[in-house]
Every structure is written in structure tokens, then in C-alpha cells.
> 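Submitted below is the structure of interest, expressed as C-alpha cells.
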Amino acid sequence: EITKEQQALVKSIVDAYNRHQIPQDVTKKLLQEQYSAEENFLLLTEMATNQVQVLVEFTKNIPGFLSLDREDQIALLKGSAVEAMFLRSAQVLSKRMPNGYTEVLKERVRNSGMSEEFMTPMFNFYKSIDELQMVQEEQALLTAVTILTPDRPYVKDYQAVERLQETMLIVLRKLCVLQHPQDPQYFARLLGRLTELRTLNHYHAEMLTSWRMNDQKFTPLLCEIWDV
Ligand SMILES: Cc1cc(C(=O)O[C@@H]2C[C@H]3CC[C@]2(C)C3(C)C)ccc1N
């Protein structure tokens with residue numbers, strides 16, 4: 001019951017999602033560089049900067065995104081960057097990574113000057129995403145749904161964004177029914193993760209402030225996307 005048009009939509013989104021992955025050199029560094037707090041923080045900065053670049057490239061490939069008002073495109077990117085990054089890194093951190101990466105990244109996050117109060121919700125989120133065992137179509141569509149959230153600050157044409165998000169949600173729901181026939185609540189649980197994601201915005205904003213206070217170095221791209 002997925003139409004030809006919807007199949008084409010899913011294919012283009014999954015291709016974009018896979019085309020813009022985190023380059024191997026960033027993940028390889030995770031295993032090689034030494035473990036000083038400074039080195040860890042620099043690695044996370046590089047990882048975050050890269051994830052924002054990957055996010056921008058992926059977003060440009062979401063059918064219809066580039067036909068939105070230019071300023072709304074920026075508002076959606078800035079409004080969803082944290083959530084999209086946590087979704088993407090949840091996949092990087094998921095068990096399916098080559099063994100050891102997950103633990104190494106967790107260790108580096110733990111020893112990077114990030115305080116415990118952000119660590120807990122972050123790793124709880126990673127665990128809840130891992131339990132869903134999403135297929136790549138679901139991961140890519142859920143990221144597109146997150147980016148196309150109409151109620152971000154400064155979005156002017158709410159309806160235009162809502163229409164695009166609606167298209168993605170309809171396809172995602174069909175995919176979930178086909179992919180998890182034994183679990184009729186699966187789609188609802190996926191959307192529940194988006195609610196959990198929004199709470200991470202708050203923790204992330206505080207994390208940025210605490211890093212700022214310790215005069216930690218950010219890259220220009222990270223300063224631009226988060227107005228720091
Ligand atoms: C401004 C700034 C932000 C981050 C960040 O958001 O990191 C993200 C939070 C977790 C989710 C994706 C991250 C890279 C993570 C795995 C550390 C990392 C370094 C940095 N200088």
C-alpha cells in the first residue's frame with residue numbers, strides 16, 4: 001500500500017541519509033587520540049561540527065525543503081540541529097557500531113568537561129533509541145520529521161512546513177506498520193522519542209553555557225548554528 005511516489009520519496013531520503021555519514025577519519029580518531037580532557041573535548045567539537053555539516057547536506061535533499069522560504073529553511077535548521085544531532089549520534093553510538101567505538105565515545109564524552117547532569121539524559125536517550133532497533137528508512141524519515149517540525153522559533157510559513165512534515169509522517173507510519181506488524185504501537189513509540197528529544201534541547205543549551213563559561217573553544221559553524 002506504499003505508492004510508487006512514496007517509495008521514491010523514501011529512497012531519496014535514505015540515499016541522502018547514507019550519503020552524508022560521519023567520515024571515517026572522525027570516528028577513527030575516537031579510537032586513536034589520547035584521553036586528555038582537552039583532547040576529548042576537541043574530538044567532540046570536531047564530531048559536532050561534522051554532524052552539523054552532515055545535517056545541512058541531508059536537509060537540502062529532503063524533497064520540498066529547498067522550495068520553502070529561505071529564512072524558514074534557516075529557522076528549521078537552527079531549531080532542529082540539536083535534536084537531529086542527538087538522533088544521528090544515537091545511531092553512531094548504537095550497539096550496531098563496530099565493538100568498542102560505543103564505549104570509547106562514551107568514555108570521551110564522560111571525560112570532556114561535560115557534567116554528569118547532561119550525561120544521564122543523553123545516555124538514557126541513546127538507550128531508548130537503541131531499544132527501538134530502527135531500520136535505516138525509519139532513522140532517515142524520523143530525522144526528516146524532526147527537521148520539518150513547524151513550531152520552531154521564527155518560522156513564518158507554518159502551514160508549508162506542516163504539509164511537508166505530514167507527507168513524511170504518513171510514509172513513516174506505513175513503513176512502521178509494514179516493518180513491525182507484531183507491534184502496532186511501534187509508530188507511536190517512535191514519535192514518543194521525538195518528545196524525549198525535545199527535552200535534550202534544554203540540557204544541550206545548559207551544556208553550551210557551562211562550556212562557554214570555562215572558555216572552551218567552539219568552531220565558527222557551531223557558533224553560528226547555536227548563536228553562541
Ligand atoms: C559547542 C560544542 C557542542 C558539542 C556537542 O553538541 O556535542 C554533541 C553532544 C552529544 C551529541 C552529539 C555530540 C557531538 C555529542 C556526542 C557530544 C560538542 C563540542 C562543542 N564544542
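Numbering of ligands and ligand atoms starts at 1, following listing order. Owing to the predicted nature of the structure, the values given are computational and were not obtained by experimental measurement.
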> Taking only heavy atoms of Phe41 into account, list the atoms of ligand 1 that are under 4.0 Å away from them.
21 (N)
> Looking at non-hydrogen atoms alone, which of Ala84, Ser112, Ala48 comes nearest to atom 7 (O) of ligand 1?
Ala48
> Begin with the C-alpha distance, continue with both residues' side-chain angles, and end with the deciding distance and a verdict on side-chain hydrogen bond (donor to acceptor under 3.5 Å, both in side chains) for Glu196 and Ser128.
CA-CA 9 Å; Glu196 187 180 355; Ser128 66; 3.1 Å; yes
> What verdict does the salt bridge (charged side-chain N to carboxylate O under 4.0 Å, His left out) test give for Glu83 and Arg152, after you've listed the backbone C-alpha separation in whole Å, the side-chain angles of each residue and the deciding distance to 0.1 Å?
CA-CA 12 Å; Glu83 294 172 26; Arg152 299 293 188 195; 2.8 Å; yes
> Which residue from Lys217, Met85, Gln51 reaches closest to atom 8 (C) of ligand 1 through any of its heavy atoms?
Met85
> Does ligand 1 have an atom under 4.0 Å from some heavy atom of His204?
yes
> Quick one: which ligand 1 atoms are inside 4.0 Å of a heavy atom on Phe218?
1 (C), 21 (N)
> Could you see which bit of Thr45 sits under 4.0 Å from ligand 1, with heavy atoms only: side chain, backbone, both or neither?
both
> Can you name the atoms of ligand 1, numbered from 1 with element, that are less than 4.0 Å from a heavy atom of Leu222?
1 (C), 2 (C), 20 (C)
> Quick check: are there more than 12 heavy atoms from other residues, nucleotides or ligands sitting under 6.0 Å from CZ of Phe187?
yes
> What residues form a salt bridge (Lys or Arg N to Asp or Glu O under 4.0 Å) with Lys156, not counting sequence neighbours?
Asp69, Glu71
> Can you check whether Trp211 and Phe41 have ring centres sitting under 6.0 Å from each other?
yes
> Please determine whether the number of non-hydrogen atoms from other residues, nucleotides or ligands lying under 6.0 Å from atom OH of Tyr154 exceeds 12.
no
> Report, in ascending order of atom number, the atoms of ligand 1 lying under 4.0 Å from any heavy atom of Met122.
10 (C)
> Tell me the contacting part of Leu208 for ligand 1: side chain, backbone, both, or neither, using a 4.0 Å heavy-atom threshold, strictly below.
side chain
> Under a single-linkage definition using a 4.5 Å side-chain heavy-atom cutoff for Ile, Leu, Val, Met, Phe, Trp and Tyr, are Val177 and Leu141 assigned to the same hydrophobic cluster?
no
> Quick one: which of Phe125, Tyr126, Trp211, Phe86 has a heavy atom closest to atom 16 (C) of ligand 1?
Tyr126
> Considering only residues two or more places apart or on different chains, which pairs with a residue in residues 53-67 satisfy salt bridge (charged side-chain N to carboxylate O under 4.0 Å, His left out)?
Glu57-Lys60
> Numbering the atoms of ligand 1 from 1, which are under 4.0 Å from a heavy atom of Ser89?
11 (C), 12 (C)
